[in-house]
There are 2 protein chains.
Amino acid sequence: MDVTWSVDLSLDRGSPVPLYFQLSQQLESAIEHGRLRPGALLGNEIRLAGRLGLSRPTVRQAIQNLVDKGLLVRRRGVGTQVVHPRVRRPSQLSSLWDDLEAAGRRPSTLVRSLAAVPAPPEVATALGLADGAEVLRLERLRLADGEPLALLLTYLPPHGFRPSADELETTGLYRLLRTAGVTPHSARQTIGARAATPEEATALTEPPGAPLLTLTRTAYDTAGRAVEHGTHACRASRYSLDLQLLLRP
Amino acid sequence: MDVTWSVDLSLDRGSPVPLYFQLSQQLESAIEHGRLRPGALLGNEIRLAGRLGLSRPTVRQAIQNLVDKGLLVRRRGVGTQVVHPRVRRPSQLSSLWDDLEAAGRRPSTLVRSLAAVPAPPEVATALGLADGAEVLRLERLRLADGEPLALLLTYLPPHGFRPSADELETTGLYRLLRTAGVTPHSARQTIGARAATPEEATALTEPPGAPLLTLTRTAYDTAGRAVEHGTHACRASRYSLDLQLLLRP
DNA sequence: GAGTGGTCTAGACCACTAA
DNA sequence: TAGTGGTCTAGACCACTCC
């Protein structure tokens, strides 16, 4: 049973937005708003293409898009089906700042220190620099709705880019890096836990020895240059990480 | 400068393996083995297609594959470039069992309890069952090289599938589920930290109050039925989670 | 046997980048 | 201006699933 007949799909060939993307967005919105119900069969790619005046590859590209997002499943000999909506949300582990904003909480940042220092050995290794090379050391306290959430210790290699404390308190670091022409491509992240040191406990208003969730991340650009290395120490009592996984066999 | 000329790319049209996949694998292996160096330009999709006797869309599909894996970057007007190899490894967060095996450690499992019980409220909610519905409760101790690593508490809805303690001690749970025809499609996971309870501390040979890394996961099939819900409590001193992220703007 | 997605071809025009 | 990837077309045959 073909369900897409009941959905209003309209394409604008004059738009600079690619046709496959327009279709992909409209299908996604239809799923999101329940106009395409979970389990519904999308029906024949070829008929769909014919109805929309598109070629089949274009329609396939749109569908593949949503399959990659986990909204649709294709089964050969059966059809394309809407996945049950139990699972949604960005599957990305984006920046802490953006996560908080998206969650409707009011993030803020306090810059505790910002200085050029010689890189400690472990940092030099992570950034691919010579031992003791000069790096920018940045220590921030991240708050949500005025309540301390995490201590962020960040090291930046010399980009020629030197953010001010002011900028750092009004925007996320990644956004600043991007506007400075530094675009991270991939990152390696280690998630662990440990007990808070006395200093950390004080800064985070936790009892000494409280469990912290730690995220240590190194980000790279496409040339393989390290762009950032840092550790987030989060109050486990106030913060947890939500991940969405697609399990592909 | 086109680098692919120096790489031996041979396709077998008689093979059941799709051509785009053959090409994709050979390029990946060439990158992995350094025959295609980081930063190298792959050069013109059309010439590459011509040389291999393929059509351009087929070549594009192969390349897109590697772009999605983060091994290549495309830039319009410039070309397709090999990303620096700083970052590799499966970007999936797979099963704990497989992760350990891949890391060359010897995983083992001790089943501490396995019984049908009425679902606690929180579990019933997560699994989408009525309060008090019967579920399979499974408590395991995961070890690596004989050393306790994590306590795994798992709840399974009634699949008609009832694993034996024996099977559970020799294989990972997900592998068992799959052979029973239950195929997870996506999962939602929450990562946090907390202090160990006295019982947990004993089982994990940690001091009481030691920090634990906790992973709470609910997995769903394509129909949106919950397939599994459970919590892993890992010794933070012995275990951390490695993630590989691709940052797409 | 009928219907589905999976793969593949041989073209075309456009937008962007760099020299 | 020349070269690149981005998008799009109109077909084709195959493998698989279900009836």
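Heavy-atom basis, side chains included; hydrogens, waters and symmetry copies ignored. By convention in this document, chain letters (A, B, ...) are assigned in the order of the sequence lines, proteins followed by strands, and residues within each chain are numbered from 1.
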- prompt: Using a cut-off of 4.0 Å on non-hydrogen atoms, how would the nucleic acid contact of B:R75 be classed: base, sugar-phosphate, or nothing?
  reply: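 Result for B:R75 = sugar-phosphate.
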- request: Just call it for B:P57: base, sugar-phosphate, or nothing, with non-hydrogen atoms closer than 4.0 Å on any strand.
  value: base
Going by side chain to side chain contact (heavy atoms under 4.5 Å, CB included), name the residues that satisfy it together with [X], two or more places apart in sequence or in a different chain.
{"X": "A:R76", "value": "none"}
{"X": "A:V182", "value": "A:H159, A:L177, A:V227"}
{"X": "A:S29", "value": "A:H33, A:R35"}

- request: On DNA chain D, check which nucleotide each of A:G77 and A:F21 is closest to and give me the residue with the more 5' one.
  value: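 The answer here is A:F21.
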message: With nearest nucleotide decided by heavy atoms, which residue, B:R74 or A:G53, maps closer to the 5′ end of DNA chain D?
response: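 This one resolves to B:R74.
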- prompt: salt bridge (Lys or Arg N to Asp or Glu O under 4.0 Å) with A:E45: which residues, sequence neighbours excluded?
  reply: A:R56, A:R60, A:R74
query: What is the 5' to 3' range of DNA chain D, first to last nucleotide, that sits under 4.0 Å from any heavy atom of chain B?
result: D:dG3 to D:dT7
field: Phosphate OP1/OP2 of C:dA18 contacted by B:R76 side-chain N/O (<4.0 Å)
entry: no
field: Whole-Å gap separating P (C:dT4) and CD1 (A:I46)
entry: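 After rounding, the reported distance stands at 8 Å.
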Donor-acceptor contacts under 3.5 Å from residues 16-27 of chain A side chains, at least two apart:
unit_1, atom_1, unit_2, atom_2, d
A:Q22, OE1, A:D12, N, 2.8
A:Q22, NE2, A:D12, O, 2.9
A:Q22, NE2, A:V17, O, 2.9
A:Q26, OE1, A:S10, N, 3.0
A:Q26, NE2, A:S10, O, 2.5

message: By the definition side chain to side chain contact (heavy atoms under 4.5 Å, CB included), identify the one residue from B:I63, B:L36, B:V83 that meets it with B:L72.
response: B:I63
